[in-house]
Protein chains: 2
Amino acid sequence: MPTPTKRQARKKSTSSRSTKKAPGKRAKNKEQTKARILKAALELFGQKGFYKTTTKEISRKARIAEGTLFNYFKTKEDLALYFFETELQNCIDWYYQDDYVRAAPLPEKLFGLVQHYLDRVEPYEEFIGAVYLRALQPRSRLNPLSLEVQELRLRELMFIRDILEEAEEREEVPPLGEFGVYALGLGFLAVVTYWLNDRSEGKENTMALLDRALTLGSHVLRQGGWEW
Amino acid sequence: MPTPTKRQARKKSTSSRSTKKAPGKRAKNKEQTKARILKAALELFGQKGFYKTTTKEISRKARIAEGTLFNYFKTKEDLALYFFETELQNCIDWYYQDDYVRAAPLPEKLFGLVQHYLDRVEPYEEFIGAVYLRALQPRSRLNPLSLEVQELRLRELMFIRDILEEAEEREEVPPLGEFGVYALGLGFLAVVTYWLNDRSEGKENTMALLDRALTLGSHVLRQGGWEW
DNA sequence: GCGTTAAAATGAGTACACTCATCTTTTGAG
DNA sequence: CTCAAAAGATGAGTGTACTCATTTTAACGC
């Protein structure tokens, strides 16, 4: 029994002659439906929150049958996860397209990235815990969400690795390897959890903490006290 | 509307004359029932896992009605949480009763504590994520578990504070204050998440990481590079 | 067009955590 | 002992995420 593949991009362009992209009515509909679901979900989550929004309501608002929703998203949490995927991708794109940020020294770079990410993720603050934090518990196949979350986490870690490798090449930091990636990812998680608890105006406490932590981190690394 | 208090220890010993403890049939039954529920839940979680065990099964095995379970535990997750409360308390008691550990230097002390905790928590590895890790998301009153989890986390942090204060008095570390507590708690969380992903024999990778991290931490602190 | 096949939509059905009005047991005062 | 009040147990009922057999729609060769 092969596991069903999903989200595969089809590039079969055999039949139609001149048009490079042959979207086809089917693919188009599917895209539209998915967009409608996401739009409806986002609005309802914004109005009533993640927990008080039912999948029935989302279906109704998206003008589809109740069951159809689950053809697009395996679970309600998987649907919510989609927003984080989008925002992470946005963050990655932003980084690779902004030359100023890419050229900046590592601490400034990280500060900018985290700030950007938190800004974008802010609307989903309520359910970030229900969804995203599960990345910390990847075992147990019983949890049906784990695979999706794991993918997201992996993409995040790969992005962090890129940034760290770049910094290593520029000799901004000593070679840290995989452990550095893990540690930085953990630091990021720490900031997010602090941010979740931060009730200060405009989350300024978080930004202050982040600033200080980056300064401290640079300091420790520059002292080279890293052999262990 | 005052929030209902729970789990309060009653010490009214007004009526019965000679016996110091007047348990009363009611309290006794309640205790027994609770114990039966916990026993049944633990067995079933062990056999089938947290997610595949239904509250109905637990009730049946504990020989109570389905609804009764929820007189004792607000949610299924709250029931699972009970095991972590117990183990944390056990850990605290263990620490305060073992003079050898209490006298040890801070890194050894922390190593012993974490090892002890992980040993005890190991049977619940499958659902530690479903329950315990929610402490990271304390906001959003919609999540009905948050209060209980928050209590547990608080107790943990208070324990960490005790340990740190002791170390500060003995001048094993510079004064770190509340930030130190937070950082150490985060470090602990890091170890737990690593442990959750660790498939090595006997979780030896985790223990190795813990050892190295403690050595590194001591080193950094001893260098005094802490002004920021 | 027409028929066939595969993709996708449908919504009644299911499973399960949790609620609540009602019934049962314990307590304690007289 | 009696009885009223309080604590607790009960299980049918409810809401909701999710499933699946069936129906509808799109694609495509003829």
Side-chain angles (χ1 to χ4, degrees), chain A residues 4-8 10 12-17 19 22-34 36-37 41 44-45 48-60 62-81 127 130-131 142-145, chain B residues 4-6 8 10 12-17 22-34 36-37 41 44-45 48-60 62-81 127 130-131 142-145:
Chain A
T5 59
K6 22 159 285 180
R7 285 178 195 155
Q8 74 277 35
R10 258 179 295 167
K12 268 216 282 183
S13 57
T14 45
S15 58
S16 61
R17 207 150 40 118
T19 52
K25 198 168 181 179
R26 193 158 245 158
K28 215 170 189 174
N29 277 346
K30 229 182 153 183
E31 228 172 283
Q32 284 175 347
T33 304
K34 189 165 188 174
R36 279 215 312 282
I37 294 174
L44 286 168
F45 290 167
K48 322 180 51 178
F50 175 77
Y51 295 103
K52 287 200 175 169
T53 300
T54 67
T55 53
K56 204 172 184 172
E57 280 176 296
I58 297 171
S59 304
R60 190 147 36 85
R63 299 196 312 280
I64 55 170
E66 288 177 50
T68 305
L69 193 150
F70 295 96
N71 293 338
Y72 288 83
F73 301 95
K74 278 218 285 283
T75 66
K76 184 182 172 187
E77 293 186 345
D78 187 37
L79 168 56
L81 194 60
F127 55 92
V131 176
L142 304 172
N143 179 355
L145 189 62
Chain B
T5 59
K6 25 160 283 187
Q8 74 277 36
R10 258 181 292 169
K12 269 217 283 185
S13 58
T14 45
S15 58
S16 61
R17 207 145 44 118
K25 200 168 184 180
R26 192 157 246 158
K28 214 169 191 174
N29 276 346
K30 231 184 154 182
E31 227 172 287
Q32 284 175 348
T33 304
K34 189 166 189 173
R36 279 215 312 283
I37 294 174
L44 287 168
F45 289 166
K48 323 181 48 178
F50 175 76
Y51 295 103
K52 288 199 174 168
T53 301
T54 66
T55 53
K56 203 172 184 170
E57 282 176 295
I58 298 171
S59 304
R60 189 147 36 85
R63 299 196 311 281
I64 54 170
E66 287 176 50
T68 305
L69 193 151
F70 295 95
N71 293 338
Y72 288 83
F73 301 96
K74 277 216 285 285
T75 66
K76 185 182 172 187
E77 294 187 344
D78 187 37
L79 168 56
L81 194 60
F127 55 92
V131 176
L142 304 172
N143 179 353
L145 189 61

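Keep in mind that the numbers below use all heavy atoms, side chains included, and drop hydrogens, waters and symmetry copies. In this text the structure is predicted, and so the values were computed from the model without any measurement. Residue numbering restarts at 1 for every chain, and letters A, B, ... go by the order of the sequence lines.
Between B:K56 and the phosphate of C:dC16, there is no side-chain N or O to OP1/OP2 separation shorter than 4.0 Å. For D:dG8, the OP1/OP2 oxygens have a side-chain nitrogen or oxygen of B:K30 closer than 4.0 Å. For the pair B:T55 and C:dC16, the criterion of a side-chain N or O lying under 4.0 Å from OP1 or OP2 is not met. Under 4.0 angstrom from either OP1 or OP2 of C:dA8 there lies no side-chain N or O belonging to A:Y72. Using a 4.0 Å cut-off, no side-chain N or O of A:N29 falls inside it from OP1 or OP2 of D:dT25. For B:T68, a side-chain nitrogen or oxygen approaches OP1 or OP2 of D:dT10 to under 4.0 Å.
At whole-Å resolution of the value, CD in B:E77 and C1' in C:dC18 are 13 Å apart. Protein atom NZ of A:K25 is 13 Å distant from nucleotide atom P of C:dA9, rounded to whole Å. D:dA21 atom C1' lies 13 Å from atom CG of A:N71, rounded to whole Å. Atom pair A:K52:NZ and D:dA17:P shows a separation of 14 Å (rounding to whole Å applied). Here the P atom of nucleotide C:dC23 and the CD atom of B:E66 are 19 Å apart, to the nearest Å. In this structure, CZ of A:F70 is placed 13 Å from P of D:dC20, rounded to the nearest angstrom. Taking atom CG on B:L44 and atom C1' on C:dC16, their separation rounds to 15 Å, with Å as the unit. Rounded to whole angstrom, the span from the CD atom of B:Q32 across to the C1' atom of D:dG8 amounts to 15 Å.
Closest to the A:I64 side chain, of the nucleotides C:dC18, D:dT10, C:dT10, is C:dT10. The listed nucleotides are D:dA17, C:dA17, C:dC18; the one nearest the side chain of B:T75 is C:dC18. Among the nucleotides D:dA9, C:dC16, D:dA27, the one closest to any side-chain atom of B:T33 is D:dA9.
As judged by a 4.0 angstrom heavy-atom cut-off over every strand, A:T53 is placed among residues touching the sugar-phosphate backbone only.
By the 4.5 Å heavy-atom criterion applied to side chains, B:E31 and B:K28 are not counted as neighbours. When side chains are defined from C-beta on, B:K76 counts as touching B:F50, because their heavy atoms get closer than 4.5 Å. No side-chain heavy atom of A:F73 sits less than 4.5 Å from a side-chain heavy atom of A:L81.
Minimum interatomic distance between B:E66 and B:S59 (heavy atoms only, all atoms of both residues): CA-OG, 3.6 Å.
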Q: Would you check, one step at a time, whether the test side chain to side chain contact (heavy atoms under 4.5 Å, CB included) holds for B:Y72 with B:L79?
A: CA-CA 8 Å; B:Y72 288 83; B:L79 168 56; over 6 Å; no
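Not a single donor-acceptor pair, N or O on each side, falls under 3.5 Å between the base of D:dA27 and the side chain of A:R26.
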